[in-house]
Asker: 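Pasting a structure here, questions to come.
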Amino acid sequence: FDPYARDSYYEHWAFHVEREILPRTLLNVGYVGNHGVKLPAGAAYAGLQMNNVDVFSGARPFPAWGDIRLLGNFLGANYNSLQVTLRRRASKFTFDVNYTYAHSIDNTVNIFGAFEDSRNFNLDHGNGDIDVRHNLTADALYDLPALRNQSKIVRGVFGDWHASTILQARSGLPFTVGLQPGVFAADPQRPDYVVGQSIQPPSFSEPENQLNSAAFTYSGAVGSKPGTLGRNTETGPAFRQWDVSMQKKFDVTERFKLEFRSDLFNLLNHANFNNPDSVLCTSYTASGNSCVANPLFGRSTSTLGNRQ
């Protein structure tokens with residue numbers, strides 16, 4: 001344990017302006033930020049591993065010892081965002097629209113990751129794992145007319161329905177390009193970026209072809225030097241989903257009612273893909289700078305959300 005460790009803390013700040021721009025319609029525009037100081041490093045394998053095994057030689061920097069993990073509070077994070085909300089409250093029709101433009105930066109590698117160099121955690125200072133630049137959510141509720149002046153049959157079948165909808169749309173989540181699959185008790189390795197090459201391939205398509213393998217290279221033994229590519233430099237597929245719900249209550253007797261409800265998730269049946277496979281090589285050999293290409297590199301093989 002770091003004998004000089006101090007308590008972690010966050011500082012939060014916000015500034016908002018709210019105005020009624022139309023009757024019963026409010027617009028709120030604000031800046032929201034926070035700053036994390038002396039955040040802990042050492043959760044599971046994301047801590048500072050001071051005696052990792054060299055993946056090729058099998059040797060450790062301190063051969064007389066096994067794993068040495070340094071636990072302490074020396075990481076940091078910051079978040080800044082523009083947040084806009086439009087809200088209307090009326091008797092028959094209400095809606096909320098929320099948009100956020102944000103950027104999250106940190107060096108707090110998640111619990112399933114590891115630092116590229118356990119003795120220099122600032123090499124992993126970059127976009128946060130949940131750095132979503134654009135995020136839009138909207139919902140609306142509309143009470144259809146009760147049709148009280150119509151016949152009992154028309155009123156019972158078509159009147160007094162309640163319709164609601166939710167729209168979600170956001171930019172993709174960040175991810176890191178790795179040189180080869182992770183090895184337990186060893187620092188992961190990122191490749192070098194080839195200057196002048198486009199990371200997005202000329203024949204870009206989702207989900208099949210999202211990364212240009214020619215934009216990455218590496219030379220030398222893994223772990224001998226850090227790759228020039230940073231952490232979370234790439235962005236995965238965007239997410240979009242539209243859900244709709246309809247409901248109505250039918251009078252069965254004076255005491256009992258029957259409710260009919262229909263929920264349609266992902267109405268447009270849009271496929272939302274997870275981040276692509278971002279491991280460049282299935283294996284890498286330093287002698288001859290030999291990379292066995294990963295056939296799934298740049299391809300998303302799973303989806304998230306609801307698809308019907």
Side-chain angles (χ1 to χ4, degrees), residues 45-46 48-49 52-61 103-110 112-129 131 133 171-238 273-302:
Y45 192 59
L48 301 188
Q49 309 296 325
N52 273 343
V53 177
D54 183 280
V55 294
F56 293 104
S57 68
R60 295 179 183 267
H103 192 191
S104 172
I105 301 176
D106 61 41
N107 57 3
T108 57
V109 176
N110 68 60
F112 299 107
F115 296 103
E116 184 180 32
D117 184 347
S118 292
R119 288 165 290 279
N120 185 5
F121 52 83
N122 283 324
L123 290 176
D124 287 278
H125 186 267
N127 299 321
D129 293 333
D131 177 40
R133 299 297 175 89
S171 54
L173 291 168
F175 65 90
T176 301
V177 175
L179 180 64
Q180 64 174 6
V183 179
F184 182 75
D187 291 331
Q189 182 70 58
R190 296 193 290 265
D192 297 329
Y193 168 63
V194 179
V195 178
Q197 284 283 352
S198 171
I199 292 178
Q200 187 176 97
S203 56
F204 174 86
S205 67
E206 290 181 2
E208 295 295 329
N209 188 23
Q210 302 171 64
L211 293 171
N212 178 18
S213 59
F216 311 101
T217 187
Y218 192 77
S219 61
V222 173
S224 61
K225 64 180 181 65
T228 60
L229 196 69
R231 165 177 164 257
N232 284 341
T233 55
E234 313 311 317
T235 303
F273 295 100
N274 279 310
N275 285 347
D277 190 320
S278 57
V279 177
L280 187 64
C281 313
T282 56
S283 64
Y284 173 80
T285 304
S287 58
N289 190 27
S290 175
C291 168
V292 179
N294 177 9
L296 298 179
F297 182 70
R299 180 183 301 178
S300 296
T301 58
S302 61

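Side-chain atoms are counted along with the backbone in the values below, which use heavy atoms only and exclude waters and symmetry mates.
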Asker: Would you compute the distance between atom CG of N122 and atom CD of E116 and round it to the nearest 0.5 angstrom?
Answerer: 12.5 Å
Asker: At their closest point, which heavy atom of R299 faces which heavy atom of Q210, and how far apart are they?
Answerer: C-NE2, 4.3 Å
Asker: Passes side-chain contact (heavy atoms from CB on, under 4.5 Å), L173 versus N275? Steps please.
Answerer: CA-CA 7 Å; L173 291 168; N275 285 347; 4.1 Å; yes
Asker: Are any non-hydrogen side-chain atoms of C281 and L179 less than 4.5 angstrom apart?
Answerer: yes
Asker: For S300 and E206, which I'm curious about, is there any donor-acceptor pair between the side chains at under 3.5 Å?
Answerer: no
Asker: Test of understanding: with salt bridge (Lys or Arg N to Asp or Glu O under 4.0 Å), list the residues that count as partners of D129, not counting sequence neighbours.
Answerer: R231
Asker: Run the numbers on F204 and N212 for side-chain contact (heavy atoms from CB on, under 4.5 Å), then give the verdict.
Answerer: CA-CA 9 Å; F204 174 86; N212 178 18; over 6 Å; no
Asker: What is the minimum heavy-atom distance between L229 and Y193, and which atoms define it?
Answerer: CD1-CB, 4.0 Å
Asker: List the residues meeting side-chain hydrogen bond (donor to acceptor under 3.5 Å, both in side chains) with S302, not counting sequence neighbours, and say none if there are none.
Answerer: N274
Asker: Decide yes or no on side-chain contact (heavy atoms from CB on, under 4.5 Å) for T233 and N127, but give the supporting numbers first.
Answerer: CA-CA 7 Å; T233 55; N127 299 321; 5.6 Å; no
Asker: Could you measure the distance from the CD atom of E234 to the CD1 atom of I199? Nearest 0.5 Å is fine.
Answerer: 3.5 Å
Asker: Quick check: closest heavy atoms across V177 and R190, and the distance to 0.1 Å?
Answerer: O-CG, 3.6 Å
Asker: Closest heavy-atom contact between F297 and V279?
Answerer: CD1-O, 3.4 Å
Asker: Please list, chain by chain and in numerical order, all residues satisfying side-chain hydrogen bond (donor to acceptor under 3.5 Å, both in side chains) with T108, sequence neighbours excluded.
Answerer: D106
Asker: Restricting to non-hydrogen atoms, name the atom on A214 and the atom on Q197 that form the minimum distance, rounded to 0.1 Å.
Answerer: O-CG, 3.6 Å
Asker: So do the side chains of C291 and T217 get within less than 4.5 Å of each other, counting heavy atoms only?
Answerer: no
Asker: Check whether N232 reaches the backbone of G126 with its side chain - one donor and one acceptor, N or O, closer than 3.5 Å.
Answerer: no
Asker: Excluding sequence neighbours, so at least two apart, what forms side-chain hydrogen bond (donor to acceptor under 3.5 Å, both in side chains) with T235?
Answerer: none
Asker: With sequence neighbours left out, write down each residue that passes side-chain hydrogen bond (donor to acceptor under 3.5 Å, both in side chains) with D131, or none if nothing qualifies.
Answerer: R133
Asker: What residues, two or more places apart in sequence or in another chain, satisfy side-chain contact (heavy atoms from CB on, under 4.5 Å) together with S198?
Answerer: Q200
Asker: Under 3.5 Å, side chain of D124 to main-chain N/O of F115, donor-acceptor pair present?
Answerer: no
Asker: Hey, what do you get for CG (N294) to OG (S283), rounding to the nearest 0.5 Å?
Answerer: 10.0 Å
Asker: List the steps and the verdict of side-chain contact (heavy atoms from CB on, under 4.5 Å) for L280 and S213.
Answerer: CA-CA 7 Å; L280 187 64; S213 59; 4.0 Å; yes
Asker: Show the nearest heavy-atom pair for residues P276 and G236, with the distance to one decimal.
Answerer: CD-CA, 4.4 Å
